[in-house]
There are 2 protein chains.
Amino acid sequence: MSLTATLLAAAGGLTAVIHEGVVARGFDDLRPAHGFAFARLAPGGATAADLAEHLGVSRQAASQMVEELVGKGYVERRPHPDDARARLVVLTDRGWACTRAAEAAAADAVRPWAALLGERRLQALRDDLARLAPGGPIRPNW
Amino acid sequence: MSLTATLLAAAGGLTAVIHEGVVARGFDDLRPAHGFAFARLAPGGATAADLAEHLGVSRQAASQMVEELVGKGYVERRPHPDDARARLVVLTDRGWACTRAAEAAAADAVRPWAALLGERRLQALRDDLARLAPGGPIRPNW
DNA sequence: GCAACTTGCTCAAGCAGGTTGACCATATGG
DNA sequence: CCATATGGTCAACCTGCTTGAGCAAGTTGC
């Protein structure tokens, strides 16, 4: 199988396993796409416009997602400290709990890889991939 | 950045670059999801039901996609040699041309990686990823 | 300061791609 | 044969996204 196919298959499988792990930990009202949003919100919150750019969708779509996540209790809107037009979207306690669950699920998914490849090659894999994806937080993708 | 994030970022970026390459080669009426379908159809054709299972969607959705691809000239339906109920969906010349364009775009996307990592590490990356994604052609994902 | 423009957000309507449910034609197995 | 399973299609609906319009608040230039 080609490199591109293996890479896409690995990423697709990883996405699925993480999502299953998140669901298994009780957060069953989320879709993989929400992981993107959490990744952007976690550091210190973001505006809906920030989120739209990060996710690659319209501001209206991002706003709708925020509304959905507010309704489900994962985020809340706070007044923006510097701009009265904007609203800062931040994770709630439940949002943080879900983020930790996702990290735990990701760790579970990766653990067997260490057994398959060994620590040395796994570390090399991590380093190599980091060099190939310099653009950074493009689109996490559960 | 974590291994999972780098892997997802690399896969997402690769998907985007391949899709752009396919569009740039003149196939601008396709979406990344169609790449999944082509990957399943290329070997020797498939039924709509095969396609549905491969793509992880309902048979109706797969059938709709086939209809769309027929309309755009990428595939055609032929009577199934062994089953009068079924119809074998196969790539047309245009479908094959698009598949070659996708392979060329993928090669272009990977080429700079060889420069970044060197041939040895690139080969190691390929081998390691192949071991991590044994399930095989899960879901190519442009 | 004020006018003109930009930016953040939301409401509303519509579309695209998926779903489920019902149905018919053909295979398959007792 | 008859009962059941399977491949395909039609129809209705749902969800997530889009575009377009509009308002409030910041920003710029005179």
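Chain naming here is simple, since letters A, B, ... match the order of the sequence lines and numbering starts at 1 in each.
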What distance separates A:E68 CD from A:S63 OG, expressed to the nearest 0.5 Å? 12.0 Å
Tell me whether the OP1 or OP2 atom of C:dT7 has a side-chain N or O from A:R87 closer than 4.0 Å. no
Quick one: the side chain of B:Q60 and the base of C:dG21, do they pair up donor-acceptor inside 3.5 Å? yes
Within the structure shown, what part of the strands sits under 4.0 Å from B:T47 by heavy-atom distance: base, sugar-phosphate, or nothing? sugar-phosphate
Quick one: is D:dG8 close enough that its OP1 or OP2 comes under 4.0 Å of any side-chain N or O from B:S63? no
Check this for me: does any side-chain nitrogen of one of B:D128 and A:R121 sit under 4.0 Å from a carboxylate oxygen of the other? yes
Closest listed nucleotide, where the reference is the side chain of A:D83 and the choices are C:dC9, C:dG8, D:dG8: C:dG8
Protein-nucleotide distance (B:R85, atom CZ; D:dT4, atom C1'), rounded to Å: 11 Å
Please identify each residue that fulfils side-chain hydrogen bond (donor to acceptor under 3.5 Å, both in side chains) with B:R111, with sequence neighbours left out. B:D108
Quick one: A:L88 CG to D:dA25 C1', roughly how many Å, whole number? 17 Å
Return the value, rounded to whole Å, for the distance between atom CD of B:E67 and atom C1' of D:dA11. 15 Å
Grab the CZ-P distance between A:F36 and D:dC17 for me, whole Å please. 11 Å
Any idea how A:Y74 and A:F38 line up, ring-wise: parallel (<30°), tilted (30 to 60°), or perpendicular (>60°)? tilted
How many whole angstroms separate atom CD of B:E53 from atom P of D:dG8? 13 Å
Distance check needed: C:dT20 C1' versus B:R59 CZ, whole Å only. 12 Å
Based on the rotation axes of five pairs at each end, what angle does the helix from C:dG1-D:dC30 to C:dG30-D:dC1 bend through, to 10°? 30°
Please state how far atom CG in A:D50 lies from atom P in C:dG8, giving the value in whole angstrom units. 8 Å
From A:W113 CH2 over to B:L132 CG, what is the distance, rounded to the nearest 0.5 angstrom? 5.0 Å
Name the nucleic acid region contacted by A:A86, choosing base, sugar-phosphate or nothing; use a 4.0 angstrom heavy-atom cut-off, strictly under. sugar-phosphate
Once you round it to whole Å, what is the distance between P of D:dG16 and CZ of A:R31? 5 Å
Using a 4.0 Å heavy-atom cut-off, does A:A84 contact any base of the nucleic acid, only the sugar-phosphate backbone, or nothing at all? sugar-phosphate
Does any part of the side chain of A:L69, heavy atoms only, come nearer than 4.5 Å to the side chain of A:V89, both counted from C-beta? no
B:W96 with B:V90, same ILVMFWY side-chain cluster at under 4.5 Å: no
